[in-house]
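To start, the structure under review is shown below, and the notes come after it.
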Amino acid sequence: MGKGFFRVPVAKNEPVLSYAPGTKERENVLQAYKSMYNSKIEVPLYINGEHIKSGDTQTMNPPHDHQHSVGTYHTANKKHVELAISTALEARKTWANLPWEQRAGIFLRAAELIAGPYRAKINAATMIAQSKTVHQAEIDAACEFIDFLRFNVQFMTEIYADQPKSTSDAWNRIEYRPLEGFTYAVTPFNFTAIAGNLPACMALMGNVVVWKPSDSQVYSAKVIMDVFNEAGIPPGVINVVFGDPVMITDTILSSPDFSGLHFTGSTFVFKELWKQIGTHIHHFKTYPRIVGETGGKDFIVAHQSANPKQVATGIVRGAFEFQGQKCSAASRAYIPESLWPKVKSYLLEDIASIKIGSPEDLSNFMTAVIHEGSFDKIAKYIDAAKKSSDAEIIAGGGYDKSKGYFIEPTVILTTNPKYETMCTELFGPVITIYIYKDKDYAKTLTLVDETSEYALTGAIFSADRYAANQATEALVNAAGNFYINDKPTGAVVGQQPFGGARASGTNDKAGSAQNLLRWISPRMIKETFVSPEDYRYPFLD
Ligand code: NAD
């Protein structure tokens with residue numbers, strides 16, 4: 001920026017549209033859904049602004065109707081990944097030097113394209129690819145993604161404005177350089193917004209990116225690339241390779257120019273990637289930045305003073321929306337004995353009213369889980385609970401994959417607070433509940449803290465301030481996002497920056513300046529106005 005200190009538009013959260021009967025947005029999204037569902041597309045690789053068809057394809061099938069195909073996508077071989085790296089490095093020469101306001105303009109334009117002409121399309125794509133209800137698609141693919149793009153532009157300018165003190169004889173300034181080399185984004189299936197944000201926020205800070213989306217999110221990843229292209233991202237800045245994650249990662253890490261990993265996905269994969277980066281450390285030109293937001297075993301604790309209806313609603317929304325496939329989804333709950341009869345009755349009543357099916361039918365609250373592997377894994381835990389003497393299934397427990405990967409909202413009641421489904425992330429519509437004696441509140445908080453390796457989200461429901469405070473203190477390291485009298489899901493960019501510690505990730509808070517700081521390498525420039533001409537100091541006299 002050479003000719004002005006520009007101010008960007010003040011970032012505002014995108015309002016969530018209702019999709020109530022009779023609304024224009026409902027009509028638009030259903031029309032987009034029908035037309036996309038009933039046609040077939042071919043998704044290429046995106047390298048250097050070109051659409052590359054490798055000829056090696058996979059089909060795309062909606063999880064709620066797995067025999068139906070919405071098209072194919074091309075997968076990369078080693079040469080494609082190498083090309084993505086070399087074109088990214090070439091693009092860096094101009095992209096890293098482009099004035100920031102030009103980069104900001106591209107991403108602000110992308111936000112408005114999603115808010116307007118692409119809204120129905122990106123939501124319908126997310127409903128098809130990831131089986132989200134329209135509300136879940138709207139809060140993710142439209143609103144959260146728009147918020148990431150708008151807020152990150154504002155955070156970038158706040159970072160740039162942060163400058164050191166100067167004196168009358170020396171001017172100190174910091175420039176926030178992008179990382180030297182190229183960065184690598186690896187994204188999960190479950191949020192279109194995360195898939196778009198991970199590469200976009202690194203590119204916004206001047207980096208070039210090779211992006212590997214999840215195989216189960218390719219259909220909506222294509223719409224993201226349509227938006228980025230229309231917004232004017234220059235060729236080579238964000239390159240997309242689909243396919244074998246092991247081969248792609250091996251190829252990326254064999255380049256000495258690899259400078260950062262921006263990952264969201266499961267804990268095991270992230271730890272393996274970290275290990276692999278470590279074994280290559282001697283051949284990288286810089287120490288790569290490693291940011292990963294990973295799994296969770298998120299909790300709801302109710303105190304005896306809590307409102308049972310609110311606790312039940314928190315459980316239903318927290319555990320079953322998007323079939324429990326949110327890293328923040330409530331998957332274990334601790335309810336006091338005295339409150340349980342009421343919580344149970346509200347919970348069972350709510351669950352009995354939940355409809356499951358295709359996202360095209362807007363009266364469905366739940367749809368299918370993402371793929372057969374996930375379905376089989378969750379079914380295995382449900383079957384084990386049916387047989388266990390430690391567990392009892394009090395709601396749901398049914399599943400059927402004949403048409404789509406449908407699993408009923410399931411509640412397991414356990415007498416063993418360390419029962420397997422109290423500790424392991426299942427990533428499905430299953431919550432396990434442990435009933436504790438009212439007098440054991442303090443002990444239960446210790447139990448919550450020590451039960452799982454994760455520390456992502458958690459919630460306390462309590463009308464008693466002392467009890468809420470006790471939980472806030474006892475669970476200080478048990479969650480990176482902690483909720484009082486609310487469900488542990490639904491973080492909003494600019495309001496609740498998101499991330500957890502322990503095995504849940506590096507806690508670099510997606511949607512905050514803290515995350516953007518990981519993608520820059522500051523250069524300090526000191527300019528002395530009158531340079532000394534004698535090396536001797538007065539004390540030498
Ligand atoms: P996943 O770990 O299976 O896949 C994530 C990405 O890693 C995908 O792109 C996948 O292809 C890639 N991958 C898989 N194996 C790899 C390998 N060996 N090398 C390199 N890349 C590899 O996760 P998922 O099923 O897509 O997403 C669900 C997981 O993500 C859950 O554990 C959830 O908790 C977590 N998640 C966390 C957050 C968060 O903010 N903490 C947000 C969303 C999802």
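Quick note: residue numbers are just sequence positions, from 1. We use all heavy atoms of the structure for the numbers below, so side chains are in, but hydrogens, waters and symmetry mates are not. Owing to the predicted nature of the structure, the values given are computational and were not obtained by experimental measurement. Whatever order the structure lists ligands and atoms in, that order sets their numbers, starting from 1.
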Please determine if K212 forms a cation-pi arrangement with F242, meaning its NZ or CZ atom is less than 6.0 Å from the six-membered ring centre and no more than 45° off the ring axis. no

Within 4.0 Å of some non-hydrogen atom of V246, the atoms of ligand 1 are 18 (N)

T264: numbered ligand 1 atoms lying under 4.0 Å from its heavy atoms: 5 (C), 36 (N), 37 (C), 38 (C), 39 (C), 42 (C), 43 (C), 44 (C)

Residue among V430, V316, I431, I356 satisfying side-chain contact (heavy atoms from CB on, under 4.5 Å) with P409: I356

Starting from the C-alpha separation in whole Å, work towards a yes-or-no answer on side-chain contact (heavy atoms from CB on, under 4.5 Å) for L253 and I277. CA-CA 7 Å; L253 298 186; I277 292 168; 4.0 Å; yes

May I ask whether D215 places a heavy atom under 4.0 Å from ligand 1? no

Using only heavy-atom distances, determine whether the side chains of D298 and T457 contain a donor-acceptor pair under 3.5 Å. yes

Is atom 13 (N) of ligand 1 less than 4.0 angstrom from some protein heavy atom? yes

For M422, which of I412, T432, N416 qualifies under side-chain contact (heavy atoms from CB on, under 4.5 Å)? T432

May I ask you to check whether E425 has an N/O atom sitting below 3.5 Å from an N/O atom of ligand 1? yes

Close approach, F189 and ligand 1, non-hydrogen under 4.0 angstrom: yes

Does the side chain of S331 come under 3.5 Å of the side chain of E425 through a donor N or O and an acceptor N or O? no

Distance-only donor-acceptor check, side chains T183 and S259, under 3.5 Å: no

Show which atoms of ligand 1 fall inside a sub-4.0 Å distance from at least one heavy-atom site of P188. 26 (O), 27 (O)

Restricting to heavy atoms, the pick from G243, C327, S266 nearest atom 36 (N) of ligand 1 would be C327

Within the 4.0 Å heavy-atom shell around L273, which atoms of ligand 1 are there? 19 (N), 20 (C)

With no hydrogens and no angle check, just 3.5 Å: does a side-chain donor-acceptor pair link T489 and E321? no

Nearest protein heavy atom with distance in Å, relative to atom 22 (C) of ligand 1: P245 CB, 3.3 Å

Nearest-neighbour protein heavy atom for atom 11 (O) of ligand 1, which is reported as residue plus atom name and distance: K212 NZ, 2.9 Å

Does a side chain donor of either N481 or K509 reach within less than 3.5 Å of an acceptor in the other side chain? yes

For F263, atoms of ligand 1 separated by under 4.0 Å from a heavy atom: 7 (O)

Is the contact between I370 and ligand 1 made by the side chain, the backbone, both, or neither, using heavy atoms and a 4.0 Å cut-off? neither

Note: I194, heavy atoms under 4.0 Å from ligand 1, region reported as side chain

Kindly confirm or rule out an N or O of F427 lying under 3.5 angstrom from an N or O of ligand 1. no

I want to confirm something. Looking only at heavy atoms, which of D244, T187, L426, T249 is nearest to atom 19 (N) of ligand 1? T249

Angle between ring planes, Y37 versus H64, binned at 30° and 60°: parallel, tilted or perpendicular? parallel

Measure the distances from the heavy atoms of S374 to every atom of ligand 1 and state whether one is below 4.0 angstrom. no

Answer with yes or no after comparing the ring centroid distance for F375 and Y399 against a 6.0 Å cut-off, counting only values under it. yes

At less than 4.0 angstrom from any non-hydrogen atom of N190, what atoms of ligand 1 do you find? 43 (C), 44 (C)

Numbering as shown, the atoms of ligand 1 that approach G295 to under 4.0 Å (heavy-atom distance): 32 (O), 34 (O)

Give the atoms of ligand 1, by number and element, whose distance to some non-hydrogen atom of P213 is under 4.0 Å. 9 (O)

Angle class for the F284/H280 ring planes (parallel below 30°, perpendicular above 60°, tilted otherwise)? parallel

I need the F263 CZ to E293 CD distance, nearest 0.5 Å. 10.5 Å

Any nitrogen or oxygen of T294, main chain or side chain, under 3.5 Å from a nitrogen or oxygen of ligand 1? yes

What distance do E372 atom CD and N61 atom CG have between them, rounded to the nearest 0.5 Å? 11.0 Å

Counting non-hydrogen protein atoms only, what is the nearest one to atom 35 (C) of ligand 1? Give residue, atom name and distance. G265 O, 3.1 Å

Atom 7 (O) of ligand 1: which protein heavy atom is closest, and how many Å away? V186 CG1, 3.3 Å

Mind checking whether F270 has a heavy atom under 4.0 Å from ligand 1? no

